[in-house]
Amino acid sequence: MTYDDLLHKIGDFGKYQKRIYFFLCLPAISCALHKLAGVFILAKTDYRCQLPGEPDNASYALPPNIMNMSYPFDYNVDHFSSCKIYDTNFTEAYYSSNITANQIINCHQWIYDKHTFQNTAVMEFNLVCDRAWYKGTADSMLMVGVMLGSIIFGYLSDRIGRKNIFVISIWLQGIAGCGMAFAQEYWSFTFLRVLVGASTSGLYLAAYVIGLEFVSPKYRMVVGVVIQMFFSVGFLLTSAFAYAFHNNWRYFQLAITIPTFFYTTYYWFIPESVRWLLTNDKQERAVKILQKVCKVNGVEMSGKEIIEILECDFEKKPTVQSDTQPKASFLDLFKHPAILKRSIIIMLLWFVNSTAYYGLSWSTSNLGGNQYFVFNLAGMVEFPAYIFLLLTLNKWGRKINISGFLILAGLALLATLAVPKTNTWTIIFFAMMAKMSITASYGAVYVYTAEQFPTVVRNMGLGVGSFFARIGGIVAPYINNTSEIWINMPLVVYGGLALLVGVWSLVLPETLNRKLPDTIEDLVAMSEK
């Protein structure tokens, strides 16, 4: 018998596993809050140049004749310039002349429209005009932190345990998150966002792995999808917190961070991963945990029986690699045309899914309508996407879900080009259809990737795919910034990428109920049939 057989015997997904799994899903909510908080913390409102002698708390709205005489008209965005002002003395005589000045200059102070948001980091740090790209950088650096966290905490979790990484990530997220609320200038704010991003990786990774390793293979797809649905719950809660604290982004940041410290209580009742304990010669602790699982699940099994099964499983596993089978390397992902093709397409699948998912999530304010409502819609469409995956992934297959949904997302986003700018809700409808499709595709890409590569390079394939997903998240904020040039540009870029890669991915084979290759030679032989 193996460890998976033992899990089946003591309960595939029994009362004990369900209880700890529920608690392990809750941190996904916190991770969503911090990954998506930038939509409101860095919310961009309308703004105009501050006129000479105008107080800092002046109203954004000005009479049409004052606007016309103060600011040049920007035909690219179809309204008065927010970054330039006429170079003149704004006297009563000037305004009554109705003749605009000949010279135009850049301004360095602004008046913001505070109708929706009373205070944001964009307003405090003046992340507009020539500094507008700083806003994208703040979101991009969050994803740099996510990438660094996945690498660093992924490595450390195999060295010091999943539970220890979980606790470290809690404190990192709590301290860095609270620090953000007190940051007085842009660069310290952005550095702390890197740390918060890293903490979300450690927290989510540890919770995901502990939860997954306590259930049998029969239920792993279900638990893997359900934890992502808790992330979607966090998506919805983000707008609720933002609305409650719309007067001050610092209070909002504290509100989403302080609950994180609640997870420190997990140290006393969430177990360490049994698989990690067994791998690191801590069998006694592993047996105690498994005995507790048996007790809560109502299964009678002695410690001696558990040890016998575990030792049998251990003896079956080779401890030394054969000299005739050289260890596979990263370069093996690109050596043969058959695996090279798969590697390139898989990297693009991860990149496009991540870019479009975060890009659409972070740019809901560009779609029009009520910002809170549209953001909630972007979160709500994730639930039918995940439910659809649970119902079809093991029936229809992986390929139709990933390629089909990517193509659908691409067509929906490109369809917005045919919609008049004034028809806001039609644009929102197509954007939400694309968001739902991208969510479904992204949710299936992990299992599809694992099944595309042979056993000897499977983890490397997953690692490379995940790396390109992080690159996609880093690039997405800058794509969103192109809306400053043309409002539809981000949707066109995401739509074009999704359609192109969706069609190209059709060349990959279906993997549902197919024998998976163990070596690269097996994959080559299978691809030649």
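The closest donor-acceptor contact from the side chain of Q173 to the backbone of T257 lies at 3.5 Å or more, if one exists at all. Between the side chain of S232 and the backbone N or O of F235, no donor-acceptor pair lies under 3.5 Å. Remark: the backbone N or O of I227 is paired with a side-chain donor or acceptor of Y21 at under 3.5 angstrom. A distance-only check finds a donor-acceptor pair linking the side chain of K163 to the backbone of I270 [under 3.5 Å]. A donor-acceptor pair is defined here as one N or O able to donate and one able to accept, closer than 3.5 Å; such a pair exists between the side chain of S140 and the backbone of I474. For R470 (side chain) and L148 (main-chain N/O), no donor-acceptor pair under 3.5 Å exists by modelled atom type. Counting only distance, with no hydrogens or angles, the side chain of T200 and the backbone of G197 share a donor-acceptor pair below 3.5 Å.
Using a 30° and 60° split on the angle between ring planes, W249 and F189 fall in the perpendicular class, above 60°. Ring geometry for Y263 against Y266 counts as perpendicular: the plane angle is over 60°, on a 0 to 90° scale with 30° as the lower cut.
To the nearest 0.5 Å, the span separating CZ on F153 from CG on D158 amounts to 13.5 Å. How far CG of L348 is from CG of N353: 11.0 Å, rounded to the nearest 0.5 Å. Taking OH from Y372 and CG from L377, the interatomic distance works out to 15.5 Å, rounded to the nearest 0.5 Å. Between F166 atom CZ and Y208 atom OH the span is 16.0 Å, to the nearest 0.5 Å. Here L36 contributes atom CG and F241 contributes atom CZ; the two are 13.5 Å apart, rounded to the nearest 0.5 Å. Once rounded to the nearest 0.5 Å, the distance linking CD1 of I152 with CE of M147 reads 10.0 Å.
Pairing each heavy atom of A440 with each of L389, the nearest pair is O-CD1, 3.3 Å. Across all their heavy atoms, I160 and N164 have their closest contact at O-ND2, 2.7 Å. Annotation for T120 and A43: closest pair OG1-O, 3.4 Å, computed over non-hydrogen atoms. Heavy-atom minimum distance, T439 versus E382: OG1-CG, 3.6 Å. Nearest heavy atom pair, residue A138 against residue L42, reads CB-CD1, 3.8 Å. Contact detail for R342 and P509: the closest heavy-atom pair is NH2-CG, 3.3 Å.
Side-chain N/O atoms of Q228 and Y446 include no donor and acceptor closer than 3.5 Å. If you check the side chains of S82 and D46, you find no donor sitting under 3.5 Å from an acceptor. In the model, W276 has no side-chain atom that pairs as donor or acceptor with a side-chain atom of E213 under 3.5 Å. Using modelled atom types and a 3.5 Å distance limit, the side chains of S365 and Q371 yield no donor-acceptor pair. A side-chain N or O of Y478 and one of T137 form a donor-acceptor pair less than 3.5 Å apart. A donor and an acceptor atom, one from each side chain of W350 and S466, are nowhere located under 3.5 Å apart. A donor and an acceptor atom, one from each side chain of Y494 and N480, are located under 3.5 Å apart. A donor-acceptor contact under 3.5 angstrom links the side chains of N376 and S239, judged on distance only. Side chains of S169 and S199: a donor-acceptor N/O pair is absent below 3.5 angstrom, by distance only. A donor-acceptor contact under 3.5 angstrom links the side chains of N119 and E124, judged on distance only. For the residue pair S188 / Q184, no side-chain donor-acceptor distance below 3.5 Å is found, with atom types taken as modelled.
Around the CG atom of L411, the shell of radius 6.0 Å holds more than 12 heavy atoms that belong to other residues, nucleotides or ligands. Surrounding OH of Y60 are more than 12 heavy atoms belonging to other residues, nucleotides or ligands, all under 6.0 Å away. With a 6.0 Å radius and a threshold of 12 heavy atoms from other residues, nucleotides or ligands, W425 has its CH2 atom above the threshold. The local environment of CG in D130 is sparse, with at most 12 non-hydrogen atoms from other residues, nucleotides or ligands closer than 6.0 Å. The environment of CZ in F383 is crowded: more than 12 heavy-atom neighbours from other residues, nucleotides or ligands sit within 6.0 Å. Enclosure of atom CZ in F80 by more than 12 non-hydrogen atoms of other residues, nucleotides or ligands within 6.0 angstrom is indicated.
Counting heavy atoms from C-beta outward, F231 and I29 have side chains that stay 4.5 Å or more apart. The closest side-chain heavy-atom distance from K399 to L508 is not below 4.5 Å. Looking at heavy atoms from C-beta onward, W171 lies in side-chain contact with F261 at the 4.5 angstrom threshold. Side-chain contact between L367 and L491 is present, with heavy atoms from C-beta onward closer than 4.5 Å. With a 4.5 Å cut-off on side-chain heavy atoms, S354 and F468 do not count as touching. When side chains are defined from C-beta on, M489 does not count as touching S483, because their heavy atoms never get closer than 4.5 Å. With contacts defined as side-chain heavy-atom distances shorter than 4.5 Å, the pair Y243/F375 does not qualify. Proximity of T238 to V39: side-chain heavy atoms (C-beta onward) are nowhere separated by under 4.5 Å.
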For N248 and Q118, what are the C-alpha separation, side-chain angles and deciding distance, and is it a side chain to side chain contact (heavy atoms under 4.5 Å, CB included)? CA-CA 7 Å; N248 194 308; Q118 291 292 314; over 6 Å; no
From CA spacing to verdict: side chain to side chain contact (heavy atoms under 4.5 Å, CB included), T449, F453: CA-CA 7 Å; T449 299; F453 291 107; 3.8 Å; yes
Given the rule in the side chain to side chain contact (heavy atoms under 4.5 Å, CB included) test, do K114 and T45 qualify, once you have shown the distances and angles that lead to the verdict? CA-CA 8 Å; K114 298 186 177 182; T45 64; over 6 Å; no
Candidate pair S441 and N401, rule side-chain hydrogen bond (donor to acceptor under 3.5 Å, both in side chains), full reasoning: CA-CA 6 Å; S441 177; N401 276 295; over 6 Å; no
Report the C-alpha separation of M221 and L393 in whole Å, then their side-chain angles, then the decisive distance to 0.1 Å, and conclude whether the side chain to side chain contact (heavy atoms under 4.5 Å, CB included) test is met. CA-CA 9 Å; M221 188 195 77; L393 202 56; 3.6 Å; yes
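A side chain to side chain donor-acceptor pair (under 3.5 Å) with N126 is found for exactly one of Y112, Y186, Y47, namely Y112. A side-chain contact (heavy atoms from CB on, under 4.5 Å) with L499 holds for exactly one of L408, I407, L413; it is I407.
Both cation-pi conditions hold for K435 and Y357: the charged atom is under 6.0 angstrom from the six-membered ring centre and inside a 45 degree cone around its axis.
Aromatic rings from W187 and Y134 are positioned such that their centres are separated by under 6.0 Å.
Per the SG-SG cut-off, C83 and C129 are bridged by a disulfide [distance under 2.5 Å].
Ionic pairing of D139 and R193 is present here: one or more N-O contacts between side-chain nitrogen and carboxylate oxygen are shorter than 4.0 angstrom.
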